[in-house]
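All remarks here apply to the structure that follows.
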Number of protein chains: 2
Amino acid sequence: MAVRGRECSIANALAVIGERWSLLALREILLGERRFDRIARNTGASRDILAARLRTLVEAGVLEKRQYERHPPRYEYVPTEAGRALTPILLNLMDWGDRYVTDGPPPTVWRHSCGADLHPRTVCAHCGEPVTEDETSPVRIGPVH
Amino acid sequence: MAVRGRECSIANALAVIGERWSLLALREILLGERRFDRIARNTGASRDILAARLRTLVEAGVLEKRQYERHPPRYEYVPTEAGRALTPILLNLMDWGDRYVTDGPPPTVWRHSCGADLHPRTVCAHCGEPVTEDETSPVRIGPVH
DNA sequence: GTGCAAAGTTGGATTTCACAACCTACTGAG
DNA sequence: CTCAGTAGGTTGTGAAATCCAACTTTGCAC
């Protein structure tokens, strides 16, 4: 898709969710918000840009636009499976922000079903050991165009 | 920091790494590239924007700019601890892109030190169980300004 | 018939971005 | 000595995206 640069699923993913307000809109939706006005207020995005981003996300299959009222027509945005699969990314992003950007205590805390406050850890699906930079290495890299 | 919208470490993180080319530059650096020209070519970013992004990342403490040659002055960019801590986010992003965006096989494959091809899984640091949307819930949410 | 709400769209000013060209300071080839 | 090449940017210009406020549409409550 990308005309230039390395062929890479990170670039492809960012083409879908990498615009400025996309991930914040998805954060609100995964927090349970469903409606345009509330997503706009809670993210701070301007309404025209938010409308464009939501349209992109629907076209990409990350969100579904559902009519919940016929007269007058009213719509809500619900995450698809692809949208729900972004939860780990948002939690890792929040954790990184808590550690390295936000001053003071974390503004938002999540709880896991086990009862503990949720701190995400990314592990190798095969062996279960944590993934850190020195435990991983690229074995095949996408070509640069 | 953000004038409006929810107080949230996701927004704070995106203020640092959410610009269009920042994560792709970090991808190259975590793949081992260190030099401006190679990062520019491999990402496809224009040189002026890349220079601005790298400056932001250095100011934010994600990268360190190191002089490796005095005459003429030459610099390389190396990740700090905060930069290396982005590895799980990039791997999760790549995995999501592989699954939901990229057509065909994954362009880039990583290997974990255990020997297997690396597929990241995000788990609860406390109990080790996978983190999915229905196993998590926000318990305290940052206020909206 | 006035006010309110939801879900956007429209117009205009501002800001950012992309692209090519240029600059500085060296190195190596001929 | 001159020319090409490399590294790491900066500058200028025009195109594109963004921000903001106001407006629209459809219905409901008073």
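Labels below follow one simple rule: chain letters A, B, ... track the order of the sequence lines, proteins then strands, and each chain is numbered from 1.
Residue Arg34(B) is classed as having no contact, given no heavy-atom separation below 4.0 Å to the nucleic acid. At a threshold of 4.0 angstrom between heavy atoms, the contacts of Phe36(A) include nucleobase atoms, whether or not backbone atoms are also involved.
Hydrophobic clustering keeps Val123(A) apart from Trp110(B) (ILVMFWY residues linked when any side-chain heavy atoms are closer than 4.5 Å, directly or through intermediates). Cluster annotation: Trp96(B) and Val58(A) are assigned to the same hydrophobic cluster (Ile/Leu/Val/Met/Phe/Trp/Tyr, side-chain heavy-atom contacts under 4.5 Å, transitive).
Applying the ring pair (Phe, Tyr, Trp, His ring centres under 6.0 Å) test to residues at least two apart or on different chains, none of the pairs has a partner in residues 5-51 of chain A. Sorted by first and then second residue, the side-chain hydrogen bond (donor to acceptor under 3.5 Å, both in side chains) pairs with a member in residues 71-82 of chain B read Tyr100(A)-Glu81(B); sequence neighbours excluded.
For dA25(C), neither phosphate oxygen OP1 nor OP2 lies less than 4.0 angstrom from any side-chain nitrogen or oxygen of Tyr75(B). Taking 4.0 angstrom as the limit, Tyr68(B) places a side-chain polar atom (N or O) nearer than this to OP1 or OP2 of dG8(D). Look at Tyr77(B) and you won't find any side-chain N or O under 4.0 angstrom from OP1 or OP2 of dA7(D).
Going from atom CG of Leu24(A) over to atom C1' of dT18(D) covers 15 Å, rounded to whole Å. Distance, Ile39(A) CD1 to dA7(C) P: 9 Å, rounded to whole Å. In this structure, Glu76(A) places its CD atom 13 Å from C1' of dA7(C), rounding to the nearest Å. The CZ atom of Arg41(A) sits 11 Å away from the P atom of dA7(C) (whole-angstrom rounding). The interatomic distance linking Ile29(A) (CD1) with dA7(C) (P) rounds to 12 Å, in whole Å. Residue Leu50(B) contributes atom CG, which lies 11 Å from atom P of dG8(D) at whole-angstrom precision. Per the geometry, CZ belonging to Arg55(B) stands 14 Å off P belonging to dT16(C), to the nearest Å. Regarding Arg38(B), its CZ atom lies at a distance of 16 Å from the C1' atom of dG5(D), rounded to whole Å.
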(message) One pair to check against side chain to side chain contact (heavy atoms under 4.5 Å, CB included): Val131(B) and Leu118(A). What are the steps and the verdict?
(response) CA-CA 9 Å; Val131(B) 163; Leu118(A) 181 55; 3.7 Å; yes

(request) Take Glu28(B) and Arg6(A), measure what salt bridge (Lys or Arg N to Asp or Glu O under 4.0 Å) needs, and give me the verdict at the end. (result) CA-CA 9 Å; Glu28(B) 289 302 315; Arg6(A) 193 187 294 288; 2.7 Å; yes

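With respect to Leu90(A), the side-chain contact (heavy atoms from CB on, under 4.5 Å) criterion is satisfied by exactly one of Leu31(A), Leu24(A), Leu30(A), Asp95(A): Leu30(A).
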Taking only N/O atoms, report every protein-nucleotides 26-29 of chain D pair under 3.5 Å with atom names and distance.
unit_1  : atom_1 : unit_2   : atom_2 : d
dG27(D) : OP1    : His71(A) : ND1    : 3.0

Could you list all N or O pairs between the protein and nucleotides 17-20 of chain C that sit under 3.5 Å apart?
unit_1  : atom_1 : unit_2   : atom_2 : d
dC17(C) : OP1    : Glu19(B) : OE1    : 3.3
dC17(C) : OP1    : Arg53(B) : NH2    : 2.9
dC17(C) : OP2    : Arg53(B) : NH2    : 2.8
dA18(C) : OP1    : Arg20(B) : NH1    : 3.1
dA18(C) : OP1    : Trp21(B) : NE1    : 3.4
dA18(C) : OP2    : Trp21(B) : NE1    : 3.3
dC19(C) : OP2    : Arg4(A)  : NH2    : 3.2
dC19(C) : N4     : Asp48(B) : OD2    : 2.4

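Once rounded to the nearest 0.5 Å, the distance linking CZ of Arg41(B) with CZ of Arg35(B) reads 12.0 Å.
A distance-only check finds no donor-acceptor pair linking the side chain of Ser22(A) to the backbone of Gly18(A) [under 3.5 Å]. The main-chain N or O of Pro138(B) is never found under 3.5 Å from a side-chain atom of Arg111(A) such that the two would form a donor-acceptor pair. The backbone N or O of Gly142(A) sits less than 3.5 Å from a side-chain atom of Thr108(B), completing a donor-acceptor pair.
Taking Arg47(B) as the reference, Asp37(B) meet the salt bridge (charged side-chain N to carboxylate O under 4.0 Å, His left out) condition, with sequence neighbours excluded.
Side-chain atoms of Lys65(A) lie closest to dG8(C) of the nucleotides dG8(D), dG8(C), dT10(D).
For the helix from dG1(C)-dC30(D) to dG30(C)-dC1(D), the rotation axes defined at the first and last 5 base pairs enclose an angle of 0°, given to the nearest 10°.
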